[in-house]
Amino acid sequence: QSALTQPASVSGSPGQSITISCTGTSSDVAGYSYVSWYQQHPGKAPKVIIYDVSNRPSGVSDRFSGSKSGNTASLTISGLQAEDEAEYFCCGYIISGTRYVFGTGTKVTVL
Amino acid sequence: QIQLQQSGPGLVKPSQTLSLTCAISGDSVSSNSAAWNWIRQSPSRGLEWLGRAYYRSKWYIDYGLSVRSRVVINPDTSKNQVSLLLNSVTPEDTAVYYCARVRFGFDYWGQGTLVTVSS
């Protein structure tokens, strides 16, 4: 299975909202509700910020929200802050073959 | 709290076997509501899921297509850990390797182990 497609970079000013897309196929993103999103700072392990498309783990800011429409999942960061500057990855679950497929990653820059 | 502690060598010679262990504390490798995964990350391949082990009245183990012919994941209930063996490694297998629990997404990760394949 090919990686899910994300934009290489997205930028925004503090306080703005940005949206990162994650495009897959009917066999991964579209077909299942197990899309998750991860934030990764340099040299650190990824951290889950959204699971099951739109659920936020305890302790994750409500500035992060997730949604899905057809083959595309989206992560929105509202009220952008300097600490949000990181790489973001989506992940989709598929029923056969390789179970989990990650996105190509999006570097978020806070201007 | 849940912690995953990885151990294993950071340098492996080509054609040899990469071996890593993930010791679990705060949860059980036999949990009926979680699965234990190995994931690697490299600049050329990005994040790549290698496989998982989980217990639902019996053990289930799945492997990623890209490594299926070379990988073994083994849960050890006596030590509450899960191990990864990847044989016939090449420089393409150079990456940071992570173990991770999946329950609410991949919600707990090990610290990562940089494994370099080089002679």
Side-chain angles (χ1 to χ4, degrees), chain A residues 1-8 22 24 27-29 32-60 64-66 68 73 75 86-107, chain B residues 1-6 10 20 22 24 26 33-54 56 60-71 73 84 86 95-115:
Chain A
Q1 276 82 7
S2 300
L4 303 176
T5 302
Q6 298 180 233
C22 168
S27 63
D28 40 61
V29 173
Y32 302 96
S33 298
Y34 303 123
V35 177
S36 51
W37 288 89
Y38 301 85
Q39 177 192 63
Q40 187 177 32
H41 288 105
K44 301 292 188 181
K47 171 190 172 185
V48 63
I49 53 175
I50 295 289
Y51 68 95
D52 294 353
V53 176
S54 59
N55 291 298
R56 225 175 14 254
S58 172
V60 172
F64 295 95
S65 61
K68 183 168 76 77
L75 172 71
E87 187 133 25
Y88 291 82
F89 296 91
C90 61
C91 180
Y93 177 86
I94 53 179
I95 197 69
S96 63
T98 290
R99 301 296 185 182
Y100 293 95
V101 178
F102 286 92
T104 49
T106 299
K107 177 77 172 80
Chain B
Q1 74 279 25
I2 296 167
Q3 291 187 326
L4 307 180
Q5 182 66 40
Q6 298 175 217
L20 296 173
C22 176
I24 301 160
S33 56
W36 305 94
N37 300 259
W38 285 96
I39 294 163
R40 68 182 178 183
Q41 184 174 29
S42 66
S44 58
R45 302 171 74 96
L47 282 164
E48 182 180 16
W49 180 79
L50 302 178
R52 66 179 176 179
Y54 61 101
R56 302 289 185 270
Y60 294 87
I61 301 177
D62 292 315
Y63 299 119
L65 287 177
S66 64
V67 295
R68 184 165 293 176
S69 63
R70 301 190 290 131
V71 67
I73 289 175
L84 170 74
L86 182 66
V96 176
Y97 286 74
Y98 294 100
C99 61
R101 186 187 87 156
V102 68
R103 185 174 178 192
F104 304 108
F106 293 104
D107 52 3
Y108 289 92
W109 295 68
Q111 78 275 23
T113 303
L114 173 59
V115 178

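For the numbers below, each heavy atom of this structure counts, side chains included, while hydrogens, waters and symmetry mates do not.
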**Q** Taking the side chain as every heavy atom from C-beta outward, state whether Y100(A) and I39(B) have any atom pair closer than 4.5 Å.
**A**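 No, too far: nothing below the 4.5 Å cut-off.
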**Q** Can you measure from OG (S36(A)) to CG (D107(B)) and round to the nearest 0.5 angstrom?
**A**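 Answer for the OG-CG pair, S36(A) versus D107(B), is 10.0 Å.
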**Q** Could you tell me which of G103(A), C91(A), P57(A), A45(A) has the largest number of non-hydrogen atom pairs under 4.5 Å with chain B?
**A**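 Highest number of pairs under 4.5 Å: A45(A).
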**Q** Would you check if Q41(B) and F89(A) make a side-chain contact, meaning some heavy-atom pair closer than 4.5 Å?
**A**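 SC-SC contact between Q41(B) and F89(A) confirmed.
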**Q** Any idea how F106(B) and Y38(A) line up, ring-wise: parallel (<30°), tilted (30 to 60°), or perpendicular (>60°)?
**A**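 It falls in the tilted class, 30° to 60°.
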**Q** Give the member of Q111(B), R52(B), R45(B) that has the highest number of heavy-atom pairs under 4.5 Å with chain A.
**A**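 Ranked by heavy-atom pairs under 4.5 Å with chain A, first place is R52(B).
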**Q** Got more than 12 heavy atoms from elsewhere within 6.0 Å of NZ, K44(A)?
**A**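 Atom NZ in K44(A) is not packed in, count stays at 12 or less.
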**Q** Could you list the residues that satisfy side-chain contact (heavy atoms from CB on, under 4.5 Å) with V96(B), not counting sequence neighbours?
**A**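 If we apply the side-chain contact (heavy atoms from CB on, under 4.5 Å) test to V96(B), skipping adjacent residues, the hits are Y98(B), L114(B).
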**Q** Kindly write out the residues that satisfy side-chain contact (heavy atoms from CB on, under 4.5 Å) with S54(A), not counting sequence neighbours, or none if the list is empty.
**A**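 Applying side-chain contact (heavy atoms from CB on, under 4.5 Å) to S54(A) gives none.
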